[in-house]
2 protein chains.
Amino acid sequence: MRQEFGSVLRSTGLQVTAQRLAVMRAVSNTPHITAEAVTEAVREELGTISRQSVYDALGILVDKGIIRRIQPAGSPARYEDRVGDNHHHLICRSCERLVDIDCAVGEMPCLHPADDHGFSLDEAEVIYWGTCPDCTAVPAT
Amino acid sequence: MRQEFGSVLRSTGLQVTAQRLAVMRAVSNTPHITAEAVTEAVREELGTISRQSVYDALGILVDKGIIRRIQPAGSPARYEDRVGDNHHHLICRSCERLVDIDCAVGEMPCLHPADDHGFSLDEAEVIYWGTCPDCTAVPAT
DNA sequence: GTCCAGAATTGGACATAGTCCATTTCGGTC
DNA sequence: GACCGAAATGGACTATGTCCAATTCTGGAC
């Protein structure tokens with residue numbers, strides 16, 4: 001996780017900047033991190049960064065496929081650097097905990113609808129909703 | 001689609017109000033309607049309704065399982081009255097068009113992850129992302 | 001080492017989607 | 001027709017982003 005980040009950026013034709021490296025580190029260190037948490041983490045590392053730069057960096061990284069954006073209902077967008085393995089997510093309705101779930105198929109799209117209405121599909125996003133063990137134990141907090 | 005709406009409300013212990021009936025009608029008439037469009041439709045019917053009442057009515061109807069809320073990434077929440085058949089959705093990345101897809105299984109949850117991390121699952125939400133025929137024909141607009 | 005062009009960053013205003021709360025009104029019952 | 005609790009209202013507020021113009025930085029050429 002050293003200067004690999006730099007080469008990744010360069011290999012996609014992006015400039016290597018301290019802000020982008022810090023954003024990549026934040027996403028890499030904290031799975032399912034939110035934009036706000038990224039901002040905090042980068043500020044800790046660099047002292048300052050504008051909200052704009054964070055969104056911009058995250059947006060570009062997502063565009064380039066370096067990180068993945070997840071936008072579950074009722075929660076701000078989250079980012080993760082586990083890309084390419086097409087895994088899915090499991091979310092607790094009660095505490096919003098988000099857990100990775102491996103995809104049994106492993107390639108995209110891993111599911112095919114009976115009728116695709118002429119669309120050309122590139123991804124099947126699966127979110128499992130349920131209640132996590134902790135929240136099951138303590139139903140109403 | 002007559003006074004059925006009224007009985008549905010009563011059967012869940014809710015009061016029957018003009019606002020709620022109008023909201024239900026709006027959702028029923030326009031598949032995948034947004035909160036904003038519901039507000040417009042209800043205003044056309046009743047003359048006036050507060051944004052609050054729309055959100056409140058939609059929220060209660062979702063709570064009671066009378067309608068279903070869909071919150072795809074990058075789009076405001078949408079509502080539909082097709083509940084109970086556990087169908088999925090297909091969205092065009094380019095024009096945001098949203099289409100229903102029947103679930104091959106039909107019962108919830110229709111998918112089971114290899115490892116559920118101790119969660120008790122109640123739903124597997126599937127969103128297929130792709131490009132619709134129109135947008136494929138006209139790539140960049 | 002200096003300079004340049006384009007890329008990246010910044011900050012401020014703005015947009016969108018939705019929530020909170022105190023008050024008023026309404027639906028259903030007696 | 002009066003009453004009570006549920007529902008609706010309106011206004012302020014919050015969270016999460018986006019847009020834009022101006023500035024700064026990066027990497028390469030000289």
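Residue numbering restarts at 1 for every chain, and letters A, B, ... go by the order of the sequence lines.
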Atom pair distance, as rounded to whole Å: [atom1] in [X] and [atom2] in [N]:
{"X": "A:Gln71", "N": "C:dG18", "atom1": "CD", "atom2": "P", "value": "13 Å"}
{"X": "B:Leu21", "N": "D:dA7", "atom1": "CG", "atom2": "P", "value": "13 Å"}
{"X": "B:Arg78", "N": "C:dG18", "atom1": "CZ", "atom2": "C1'", "value": "16 Å"}
{"X": "B:Leu58", "N": "D:dA7", "atom1": "CG", "atom2": "C1'", "value": "14 Å"}
{"X": "A:Met24", "N": "C:dA8", "atom1": "CE", "atom2": "P", "value": "13 Å"}
{"X": "B:Ile70", "N": "C:dA17", "atom1": "CD1", "atom2": "P", "value": "15 Å"}
{"X": "B:Ile33", "N": "C:dA17", "atom1": "CD1", "atom2": "P", "value": "14 Å"}
{"X": "A:Arg43", "N": "C:dG11", "atom1": "CZ", "atom2": "C1'", "value": "11 Å"}

Donor on one side chain, acceptor on other, A:Glu80 and A:His89, under 3.5 Å: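 Short answer, yes.
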Residue pair A:Asp100 / A:His87, side-chain donor-acceptor N/O under 3.5 Å: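 A pair is found: one side chain offers a donor N or O, the other an acceptor, under 3.5 Å apart.
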D:dC25 OP1/OP2 closer than 4.0 Å to side-chain N/O of A:Thr17: no
N/O (side chain, A:Gln19) to phosphate O (OP1/OP2, C:dT10) under 4.0 Å: yes
Identify whether any heavy atom of [X] sits under 4.0 Å from a base atom; if not, whether one sits that close to sugar-phosphate; answer base, sugar-phosphate or nothing.
{"X": "B:Ile60", "answer": "nothing"}
{"X": "A:Ser53", "answer": "base"}
{"X": "B:Ala57", "answer": "nothing"}

Polar side-chain atom of B:Thr30 near backbone of B:Val27 as donor-acceptor pair, under 3.5 Å: no
Expected output: side-chain B:Arg20 to main-chain B:Gln15 donor-acceptor under 3.5 Å: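 Judged by distance alone, yes, a pair lies under 3.5 Å.
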Residue met sooner reading DNA chain C from 5', once A:Asp56 and B:Tyr55 are mapped to nucleotides: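 Its nucleotide being nearer the 5' end, the pick is A:Asp56.
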Residue met sooner reading DNA chain D from 5', once B:Gly13 and B:Gln52 are mapped to nucleotides: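 Residue closer to the 5' terminus by nearest nucleotide: B:Gly13.
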For the side chain of [X], starting at C-beta, report the closest nucleotide among [options].
{"X": "A:Ser50", "options": "C:dT10, C:dA17, C:dA8", "value": "C:dT10"}
{"X": "A:Arg20", "options": "C:dG18, C:dT9, D:dT9", "value": "C:dT9"}
{"X": "A:Arg10", "options": "D:dG27, C:dG18, D:dT18", "value": "D:dG27"}

A:Arg51 (side chain) and C:dG11 (base): donor-acceptor pair under 3.5 Å: no
Base C:dC26 to side chain B:Gln15, donor-acceptor N/O within 3.5 Å cut-off: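 Per atom types, no contact qualifies.
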A:Arg69/A:Asp63 under salt bridge (Lys or Arg N to Asp or Glu O under 4.0 Å): CA gap, chis, key distance, verdict: CA-CA 10 Å; A:Arg69 177 191 280 128; A:Asp63 266 9; over 6 Å; no
